[in-house]
Amino acid sequence: MDLDDWQVVKKKKAAKKMVRRKEQPIFKAETCPEVHVPESVEEQNNMVQRIYYTVENLKQSEFWGSCQECFHVTLEENDSGKHQVGSQHVHTLHNSDCVCYGLGNFSSCVIARHQLAFLLLFLEQFKIPRNQTYVFDPVFSMLEISVLQELGLSVISENEEGKRTICRHTVFYMPHCGKALYNNLLWSNWSQDALSKLIVIGNSFKGIEERMLSRILQKDYVYIQKSLKAVEEAALPENHQYNDVFNDISIHYFPIQKLRTLPNEIWKLREQPKYYECDDLEIIRK
C-alpha cells in the first residue's frame, strides 16, 4: 500500500503508531459521483417538481395515448418485451437497459424538459428501472446532473460519442441528436446479434436518407446507410401541441430475420467513423 494512505500520529512517550485514513467511497467508472450542492437544494427541488408537473401534463395528453399504441404495435412486431402473465401477453422491458443521449439543458429549455418527461413515462410504461437508465449530454450543468440523480437516473461521466457496445436488449433514446451519434452507435454494435437487441428512439433514419445526398450519406454515415436495408421504423404520432418537441422522431428496430438476409460482406465493414471532412457534424466530441 502507498505511504500516502497512512499518516503518523505522535504521542508523548509512546511508540509511533500508524493510523489509516478513512477510505473514500468507490464509484462506478462510467457514472458520475453523486453531486452535492447544498446551496442549490431549493432550486433542485423546484426543478424536480417542474419536471413531474410536465410528466403529469404529458401523461394526460392525447399524444401520449397515441404513443402507447405505437409502442405496443412496434413491440408486437419486434416480439421484444413480450412476457406471459396468466393468459395475457404483457409488454415490458424490465430486463433491458436504457441509454439517453442529447437531452440538452432541461432546466432552461421547455422542449428538453418535455423530452425528459417522455423518457420518465417510457420507463414507467415498460417497467425499465431508473437505475438501469444512463443519461449523458456534455452540456448538462451541475444542477441538472444533481436533478437527474435525484430522479434515480445514472449520469454517464464521460463523453462516449455514442460508441456504446451492448450485450443485452437496450433502448437508446436520442431525440434530435446529430447524425454522427446514430452512426457511431450502429458502428459500435455492427453485428446481427447486437443490432437485433437494439431499439433506437430518435431522428427518422428514412428522413435522414431523404434529406441527404446519397454520396454524402455513403461517405460520412455509412452505417446509417447500410442499416436502412434491415431497419424497421415507426414514426411517433403527429400532434400539433408537441410538434416542436417530437417532430421527425421514430422508433427503430432490427428484426433478426431481416438482418440474416443481408450479404455476409456487409458485416465485414469494421472501419471506425472519422468525419475528417464532414462540414455539419452536429456532435460534441471529446
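Reckoned from all heavy atoms, side chains included, excluding hydrogens, waters and symmetry mates.
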### Message
Evaluate Lys226 against Val222 for side chain to side chain contact (heavy atoms under 4.5 Å, CB included), listing each step before the verdict.
### Response
CA-CA 6 Å; Lys226 297 295 184 187; Val222 64; 4.0 Å; yes

### Query
Given the rule in the side chain to side chain contact (heavy atoms under 4.5 Å, CB included) test, do Tyr253 and Val171 qualify, once you have shown the distances and angles that lead to the verdict?
CA-CA 10 Å; Tyr253 61 96; Val171 179; over 6 Å; no

### Query
Tyr101 and Asn184: side chain to side chain donor-acceptor pair (under 3.5 Å), yes or no, with the steps?
CA-CA 12 Å; Tyr101 294 132; Asn184 288 350; over 6 Å; no

### Message
Run the side chain to side chain contact (heavy atoms under 4.5 Å, CB included) test on Val155 and Gln149 for me, step by step, so that the C-alpha distance in whole Å, both residues' side-chain angles and the decisive distance to 0.1 Å come before the verdict.
### Response
CA-CA 7 Å; Val155 181; Gln149 292 175 335; 4.0 Å; yes

### Task
Please report the C-alpha distance between Phe136 and Leu103 in whole Å, then the side-chain angles of each, then the deciding distance to 0.1 Å, and finally whether the side chain to side chain contact (heavy atoms under 4.5 Å, CB included) criterion is met.
CA-CA 8 Å; Phe136 180 79; Leu103 267 181; over 6 Å; no

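Taking all atoms of both residues into account, the shortest heavy-atom contact from Cys98 to Ile128 is CB-CG2, 4.2 Å. The two residues Ala117 and Thr54 make their nearest non-hydrogen contact at CB-CG2, 3.8 Å. Looking at every heavy atom in both residues, Asn105 comes nearest to Ser141 through ND2-N, 4.2 Å.
When atom types are taken as modelled, the side chain of Glu150 and the backbone of Gln44 share no donor-acceptor pair closer than 3.5 angstrom. With hydrogens and angles ignored, the 3.5 Å screen pairs no side-chain donor or acceptor of Thr170 with any backbone N or O of Ile166. Without hydrogens or angle criteria, Thr165 side chain to Ser188 main chain gives a donor-acceptor distance under 3.5 Å.
Here Tyr182 and Phe172 keep their ring centres 6.0 angstrom or further from each other. Aromatic ring centroids of Phe122 and Tyr173 lie 6.0 Å or more apart.
Counting only heavy atoms from C-beta outward, the side chains of Asn239 and Ser66 never approach each other to under 4.5 Å.
No side-chain N or O of Tyr223 forms a donor-acceptor pair with one of Asn189 less than 3.5 Å apart. No hydrogens or angles considered: nothing links the side chains of Asn243 and Glu238 as a donor-acceptor pair under 3.5 Å. When only modelled atom types and interatomic distance are considered, Ser204 and Glu233 share a side-chain donor-acceptor pair under 3.5 Å.
For the pair Arg164 and Tyr134, the cation-pi criterion (under 6.0 Å, within 45° of the ring axis) is fulfilled.
By the side-chain hydrogen bond (donor to acceptor under 3.5 Å, both in side chains) test, Tyr221 is found to be paired with no residue, residues two or more places apart in sequence or in another chain being considered.
Taking the six-membered ring for Trp and thresholds of 30 and 60 degrees, Tyr242 and Phe63 have ring planes inclined between 30 and 60 degrees apart. Ring geometry, Phe205 versus Phe254: the interplanar angle falls from 30° to 60°, so the pair is classed tilted. Ring planes of Trp64 and Phe118: perpendicular class, angle over 60° (limits at 30 and 60°).
Placement of Val110 and Tyr53 in two distinct hydrophobic clusters is found when ILVMFWY residues are connected by side-chain heavy-atom separations under 4.5 Å, directly or transitively.
Atom CZ in Arg113 sits 7.5 Å away from atom CD1 in Ile51 (nearest 0.5 Å). Interatomic distance, CG of Leu185 versus CE of Met174, reported as 5.5 Å (0.5 Å rounding).
By the 4.0 Å N-to-carboxylate-O rule, Asp220 lies too far from Lys274 to be salt-bridged with it.
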